[in-house]
Visitor: 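One structure coming up, written as structure tokens, with questions to follow.
A note on names: the letters A, B, ... follow the listed sequences, proteins ahead of strands, and every chain is numbered from 1. Remember, it's a predicted structure, so these values are computed and weren't measured experimentally.
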There are 2 protein chains.
Amino acid sequence: MTDKNIPSPATLHDVAKLAGVSYQTVSRVVNNMPHVSPRTLEKVNRAIAELNYQPNRAARSLVTGKSNAIHVVVFDMYNLRMIPSMEYAAHENGFQFRLTGLHGNVPTKELGQKLYEITTSQIDGVILVLPWVTITDEELQRMMRGIPYVIVGCSLGYETNSVLVDQQHGTRLAVEHLLELGHRKIAAINGSVDHYYDARLRRATLLEVLEEHNLKLVAEETGNFSIQSGFDAARRLLEKDPGFTALFCANDEMALGAIRAIKDCGLRVPEDISVVGFDDQYFAGYCDPPLTTIRQDFEALGAHSFQQLLSLLKDPDMAPHQRILYSKLIVRKSTAHPAH
Amino acid sequence: MTDKNIPSPATLHDVAKLAGVSYQTVSRVVNNMPHVSPRTLEKVNRAIAELNYQPNRAARSLVTGKSNAIHVVVFDMYNLRMIPSMEYAAHENGFQFRLTGLHGNVPTKELGQKLYEITTSQIDGVILVLPWVTITDEELQRMMRGIPYVIVGCSLGYETNSVLVDQQHGTRLAVEHLLELGHRKIAAINGSVDHYYDARLRRATLLEVLEEHNLKLVAEETGNFSIQSGFDAARRLLEKDPGFTALFCANDEMALGAIRAIKDCGLRVPEDISVVGFDDQYFAGYCDPPLTTIRQDFEALGAHSFQQLLSLLKDPDMAPHQRILYSKLIVRKSTAHPAH
DNA sequence: TTTCCCTTGTGAATCGTTTGAGCGATCACA
DNA sequence: TGTGATCGCTCAAACGATTCACAAGGGAAA
């Protein structure tokens, strides 16, 4: 009924007929192939514009085996902030953007199934946002069946294209900041070391830097990166009362929760306890006190990962490399000299 | 070189050969069509499993004109929190998830171009996350070329499938809460009424409720929903010093910024000024003071919008309807009786 | 005028499916 | 035993592009 008003999209033939050339020639124009005179080019382009012609992606995909689309696989929707920048970069470069989120701790087999579906969908490239590493480079490479891919957020070794933030550098900045302020009794709320690559690196670096100064972590709890878990973890730390003067939190959300817990105990931040976060989430500058933290540029992470995929698409034989971004220390009001 | 190890995906023919039947029969099996004997079904299924067969989406798409995919168009990546729940629902139901974000204030023509590309890509359905309304129902309907779609976040009238949150109800809750506490001098930081449907409704309802109590807004500023803009707007309000005791903010981010500005002036929240936010973002319960706000269930919004699209896909002649979600008041510590 | 290249058209094959038509074989019923 | 109907399966034609090889026509250079 209403369907009558909707003309089915124009095809190559329609354009050809209107322009008075063969559909072959139209195909040449559409694909920017040589051997077409300016005059016919003009005619064809006008016909294309008039009919509002768009090549049928399915047909094109079928014969070329390509799709002009990339697929992003995100685990636990780990850091949504990367998504818009990836999406933007993809469309800017003429690629469709497809997304799938994996939930919970995905076993390798299920991941394999998902990747099989994706890699057999004529997709041009894949970005894997992997917060952990329960998979080897070889396994992944096999699963990807020759489709170009880049990994974001963790490293599987130098043989794999990846883009990541140097967690050791960032953590070092945070810890050394606390040390310079004079803190010696430092506690931490870490993320799950078993599940998160970043969490593991941050924790290891924390211990390493302390060791360099002949110090030990006075206490430690683990959270799941949520505000609530930071709150709970800080409560546990304070109950044990190990007398720490500074608290290193593996992300801003947990730092926010921790600050609430500290205040609830009648202590002040930073006078009694200094708190550093990680990530510089958009609320970090506006909580109370404004959070000293390590800024990670997630937008850049997303944009770079697409760029790397794009390079790989253009030159499939490109030597794999890792792109490392560095984070920086943002000093605000949640850290100060210890009272002593 | 490495390509040798990657077997090209199996086709219907491969499966057919292995199972010893014709490829059309395999097609029948794959598509759960009747008229296939249990014995051949069994044979074919075993062959499918053995070859790890996945139908070629492009080929299927080409002939059916469908894609088993939905496309979500988000303006300004307005509220990312809806994305994961949409994505999840889509994949749960066997649909691919494609995403495009539109940036800035997109003119209708450009929107039309984007939608043309999308609707001619054999997509099954579209979800439009539209924060504003510079387009009419008819225009949109024409642009969608018969592809089923639902709108999220604003209403284009009862003829259009949409799912939205009742902004008037939520705003009323917030304002009446302030009035019940005894506030009479209320100021507001609104979102841009020209650009956002929600902002317009919230502002209008705010004025309406006040009017019902024979009150007027004592002062008003406009922000762009960012923390910084809330901070700036609050500064301007305080400079003018209209002596308000309560501040209505059109979202939590602006409320957060406003609280910072208020504190910077040496005033206290809620003792000197009560603040209500909107949305109940995840940080709202943990800022200082914890924010009284209106909770909007964005996850439900995303899930429902997919469900509505799914119903529409199953029955294209379904009568259009609007699905309204209600928000609720979350009272925390940022509001109190006025000092007088 | 001849030669050659550049432009364009012709024709056909191919990509991996879906889908309606059609063809035997089976089976119930009279 | 003859007649349809039904069942299980196969044939063959699309779907809309890309990508060959090849030939015809035109214009410019020799």
Visitor: Quick one: which protein N/O atoms are closer than 3.5 Å to N/O atoms of nucleotides 20-23 of chain C? Pair and distance per line, please.
Guide:
none

Visitor: Between Glu110(A) (side chain) and Pro107(A) (backbone), is there a donor-acceptor pair under 3.5 Å?
Guide: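 Such a contact is absent between Glu110(A) side chain and Pro107(A) backbone.
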Visitor: Starting at the 5' end of DNA chain D, which residue's closest nucleotide do you reach first, Ala59(B) or Gly20(B)?
Guide: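 First, find each residue's nearest nucleotide; the 5'-ward one identifies Gly20(B).
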Visitor: Mind checking if Thr25(A) touches a base, just sugar-phosphate, or nothing, with heavy atoms under 4.0 Å?
Guide: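 Answer is sugar-phosphate: Thr25(A) comes under 4.0 Å of backbone atoms only.
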Visitor: Rounded to the nearest Å, what distance is computed from the NZ atom of residue Lys66(B) to the C1' atom of nucleotide dT17(C)?
Guide: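 One finds 16 Å between C1' of dT17(C) and NZ of Lys66(B), rounded.
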Visitor: Does the side chain of Gln122(A) pick up a donor-acceptor pair with the side chain of Ser61(A) at under 3.5 Å?
Guide: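 Short answer, no.
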Visitor: Round to a whole Å and report the spacing from CG of Asn31(A) to C1' of dT8(C).
Guide: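 Rounded to the whole Å, the gap is 16 Å.
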Visitor: Taking Gln307(A)'s backbone N and O only, do any of them form a donor-acceptor pair with Ser311(A)'s side chain (distance below 3.5 Å, no angle check)?
Guide: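 Flag set: sc Ser311(A) to bb Gln307(A) pair under 3.5 Å.
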Visitor: Can you tell me if Lys17(A) has over 12 outside heavy atoms packed within less than 6.0 Å of its NZ?
Guide: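 Check fails, neighbour count at 12 or below.
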Visitor: Are Ser155(B) and Gln322(B) close enough, and set up right, to give a side chain to side chain donor-acceptor pair (under 3.5 Å), and what steps lead you there?
Guide: CA-CA 8 Å; Ser155(B) 170; Gln322(B) 301 196 309; 2.6 Å; yes
Visitor: If you walk 5' to 3' along DNA chain D, what is the first nucleotide with an atom under 4.0 Å of a heavy atom in chain B, and what is the last?
Guide: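 Range of nucleotides touched by chain B: dC7(D) to dG16(D).
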Visitor: Quick one: Tyr23(B) OH to dT17(C) C1', roughly how many Å, whole number?
Guide: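 Answer to the nearest Å: 9 Å.
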Visitor: Strictly below 4.0 Å, N to O, side chains only: are Arg142(B) and Glu138(B) in salt-bridge contact?
Guide: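 No, Arg142(B) and Glu138(B) are not salt-bridged.
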Visitor: Tell me whether the count of non-hydrogen atoms from other residues, nucleotides or ligands lying under 6.0 Å of CZ in Phe95(B) goes above 12.
Guide: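 Atom CZ in Phe95(B) is crowded, with more than 12 foreign heavy atoms closer than 6.0 Å.
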Visitor: What I want to check is whether the side chains of Arg323(B) and Gln308(B) have a donor and an acceptor closer together than 3.5 Å.
Guide: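 Gln308(B) and Arg323(B) do not have a side-chain donor-acceptor pair below 3.5 Å.
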Visitor: May I ask you to verify if any side-chain N or O of Thr11(B) is less than 4.0 angstrom from the OP1 or OP2 atom of dG16(C)?
Guide: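 Negative; the distance criterion is not met.
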Visitor: Can you tell me if Ser67(B) and Gln96(B) form a side-chain donor-acceptor pair at under 3.5 Å?
Guide: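 No pair is found: no donor N or O on one side chain lies under 3.5 Å from an acceptor on the other.
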Visitor: Can you tell me how the ring of His91(B) sits relative to the ring of Phe97(B), calling it parallel under 30°, perpendicular over 60° and tilted otherwise?
Guide: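 Taking Phe97(B) first and then His91(B), their aromatic rings sit tilted (interplane angle of 30° to 60°).
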Visitor: Would you kindly give the CG-to-P distance between Leu62(B) and dT17(C), to the nearest whole Å?
Guide: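 Going from CG in Leu62(B) over to P in dT17(C) covers 12 Å.
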Visitor: Would you confirm whether Tyr116(A), through its side chain, and Asn52(B), through its main-chain N or O, come within 3.5 Å as a donor-acceptor pair?
Guide: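 Yes, because the side chain of Tyr116(A) sits within donor-acceptor range (under 3.5 Å) of the backbone of Asn52(B).
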Visitor: To the nearest Å, how far apart are Leu12(A) CG and dT14(C) P?
Guide: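 My rounded result for the distance is 20 Å.
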Visitor: Between Thr64(B) and dT18(C), does any side-chain N or O lie under 4.0 Å from OP1 or OP2?
Guide: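 Checking Thr64(B) against dT18(C): no side-chain N or O falls below 4.0 Å of OP1 or OP2.
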Visitor: Assign Val30(A) to base, sugar-phosphate, or nothing according to its heavy-atom contacts below 4.0 angstrom with the strands shown.
Guide: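 Nothing, no nucleic acid heavy atom in range.
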Visitor: So which of residues 40-57 of chain B are in contact with DNA chain C, with a heavy-atom cut-off of under 4.0 Å?
Guide: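 Residues of residues 40-57 of chain B under 4.0 Å from DNA chain C: Tyr53(B), Gln54(B), Pro55(B), Asn56(B).
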Visitor: Looking for any heavy atom pair under 4.0 Å, which part of the strands does His13(B) touch: base, sugar-phosphate only, or nothing?
Guide: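 Counting heavy atoms under 4.0 Å across all strands, the contact made by His13(B) includes a base.
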